[in-house]
Amino acid sequence: MGQESFIYSFVARGTTVLAEYTEFTGNFPAIAAQCLQKLSSTNNKFTYNCDHHIFNFLVEDGYAYCVVAKESVGKQISIELLERIKADFRKRYGGGKADTAVAKSLNKDFGPKMKEHMQYIIDHADEIDKLLKVKAQVSEVKSIMLVNIDKTIERGANLTVLNDKAEDLRDSAQEFKKRGTQLQRKMWYQNMKIKLVVLGIILLLILIIWLSVCRGFNCAN
């Protein structure tokens, strides 16, 4: 996934855009604003195609979260980004803090945060894609099991068979939890290695400056 995967993003209260972010020029904000005017106020997810780009919207509790992505970016990846932006926005401005904010007033504070979330999704696209596939598999198994349970009850099937199917569903849920934990641990180790490398570089620069100024390790004079 390239750096140009996500083009533009905003958070709006009703039809008022409170914060937006983009590094690109174009008519994306205008088109997104037009789509925002037509969105239903009910909690839902919406997508619109325009000029080889996908306008993804997540509407919840009177707020709309939008990201414009290239056509090659999967819908579920874009929705995952919107979920992250939504969670962060609610954490920062929940409890009515954003209810009185005026248009674009949160750009300076929350715009950089949207950039960070975009970069995180780009950097961890493969891991997130795997996790989403596991979620989809579990959801599919759950749906099939629910249908089978309904049919089993209707036909008065043996309860032992029903119990076996419930165990299969539980095993699938446990496997999903295990994979999710492994992916989270892997991401934590990757972030820690990056921090250690940066720390090592800083210490090396300090040592080089020391040696240059003191012409060796003895700085008594």
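Count residues from 1 along the sequence. Computed from a prediction, not measured in an experiment: that's the story for all the values here.
Contact annotation: the side chain of His124 approaches that of Gln190 to within less than 4.5 Å [non-hydrogen atoms, C-beta and beyond]. Side-chain atoms of Val17 and Leu36, non-hydrogen and from C-beta on, do get closer than 4.5 Å to each other. Under the 4.5 Å side-chain criterion, counting only non-hydrogen atoms from C-beta, Tyr93 is in contact with Asp109. Within the 4.5 Å cutoff, the side chain of Glu71 has no heavy atoms near those of the His53 side chain. For the pair Glu83 and His117, the minimum side-chain heavy-atom distance is 4.5 Å or more. Put simply, the side chain of Lys115 does not reach to within 4.5 Å of the side chain of Gln119, judged on heavy atoms. Arg92 has its side chain out of reach of Lys97: every pair of non-hydrogen atoms, C-beta onward, lies at least 4.5 Å apart. Two residues are said to be in side-chain contact when any heavy atoms from C-beta on lie closer than 4.5 Å; Ile121 and Arg84 meet this criterion.
The distance from the CD1 atom of Ile77 to the CD1 atom of Ile122 is 11.0 Å, given to the nearest 0.5 Å. The distance from the NZ atom of Lys186 to the OG1 atom of Thr181 is 14.5 Å, given to the nearest 0.5 Å. Taking CG of Asp123 as the start and CG of Asn191 as the end, the distance is 9.0 Å to the nearest 0.5 Å. For the atom pair CD1 (Ile209) and CG (Leu205), the distance works out to 6.0 Å, reported to the nearest 0.5 Å. With rounding to the nearest 0.5 angstrom, the CG atom of Asn27 is 7.5 Å from the CG atom of Asp51. In this structure, Leu196 CG and Leu199 CG are separated by 7.0 Å, a value rounded to the nearest 0.5 Å.
Annotation for Ser40 and Val59: closest pair O-CG1, 3.8 Å, computed over non-hydrogen atoms. Closest non-hydrogen pair, Ala32 versus Phe55, comes out as N-CE2, 3.8 Å. A pairwise comparison of heavy atoms in Cys66 and Ser9 identifies O-OG, 2.8 Å as the closest pair. Among all heavy-atom pairs drawn from Asn43 and Asp61, the shortest one is OD1-N, 2.9 Å. Residue Met118 comes nearest to Tyr8 through the heavy atom pair CE-C, 3.9 Å, listed as atom of the first residue, atom of the second, then distance. Closest heavy-atom contact between Leu39 and Ala64: CD1-CB, 4.4 Å.
Transitive grouping of hydrophobic side chains (ILVMFWY, heavy atoms separated by less than 4.5 Å) brings Phe28 and Phe46 into a common cluster. Grouping the Ile, Leu, Val, Met, Phe, Trp and Tyr side chains by contacts below 4.5 angstrom, directly or via other members, places Val11 apart from Ile31. Following chains of ILVMFWY side-chain contacts shorter than 4.5 Å, one cannot reach Ile7 starting from Phe110, and the two form parts of different hydrophobic clusters. Using a 4.5 Å cut-off between side-chain heavy atoms of Ile, Leu, Val, Met, Phe, Trp and Tyr, with links allowed through other members, Phe57 and Ile54 fall into different hydrophobic clusters. By the criterion of side-chain heavy atoms lying less than 4.5 angstrom apart, applied directly or through intervening Ile, Leu, Val, Met, Phe, Trp or Tyr residues, Leu18 is grouped together with Leu82 in one hydrophobic cluster.
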What's the verdict on ring pair (Phe, Tyr, Trp, His ring centres under 6.0 Å) for Phe10 and Tyr21, showing C-alpha distance, side-chain angles and the deciding distance? CA-CA 6 Å; Phe10 74 67; Tyr21 171 77; over 10 Å; no

Please determine whether side-chain contact (heavy atoms from CB on, under 4.5 Å) holds for the pair Gln34 and Tyr48, giving the CA-CA distance in whole Å, both sets of side-chain angles, and the decisive distance to 0.1 Å. CA-CA 11 Å; Gln34 292 176 7; Tyr48 299 95; over 6 Å; no

Criterion side-chain contact (heavy atoms from CB on, under 4.5 Å) on Tyr65 and Leu81, from CA distance to verdict: CA-CA 10 Å; Tyr65 309 84; Leu81 170 58; over 6 Å; no

side-chain contact (heavy atoms from CB on, under 4.5 Å) for Glu60 and Arg90? Distances and angles first, verdict last. CA-CA 11 Å; Glu60 193 165 313; Arg90 285 184 168 183; 2.9 Å; yes

Is there a side-chain contact (heavy atoms from CB on, under 4.5 Å) between Glu4 and Lys70? Walk through the geometry before answering. CA-CA 8 Å; Glu4 297 181 358; Lys70 279 193 171 182; 3.5 Å; yes

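The neighbour count for Phe24 CZ, taken as heavy atoms of other residues, nucleotides or ligands under 6.0 Å away, is above 12.
Every residue was checked against the side-chain hydrogen bond (donor to acceptor under 3.5 Å, both in side chains) condition with Thr100, not counting sequence neighbours, and none meets it.
With hydrogens and angles ignored, the 3.5 Å screen pairs no side-chain donor or acceptor of Arg179 with any backbone N or O of Leu131. When atom types are taken as modelled, the side chain of Asn107 and the backbone of Glu20 share a donor-acceptor pair closer than 3.5 angstrom. Arg13 places a side-chain N or O within 3.5 Å of a backbone atom of Ala101 that can act as its donor or acceptor partner.
In this structure, the ring of Tyr63 has its center less than 6.0 angstrom from the ring center of Phe89.
Here Lys130 does not pair with Glu127 in a salt bridge; the nearest charged N to carboxylate O distance is not below 4.0 Å.
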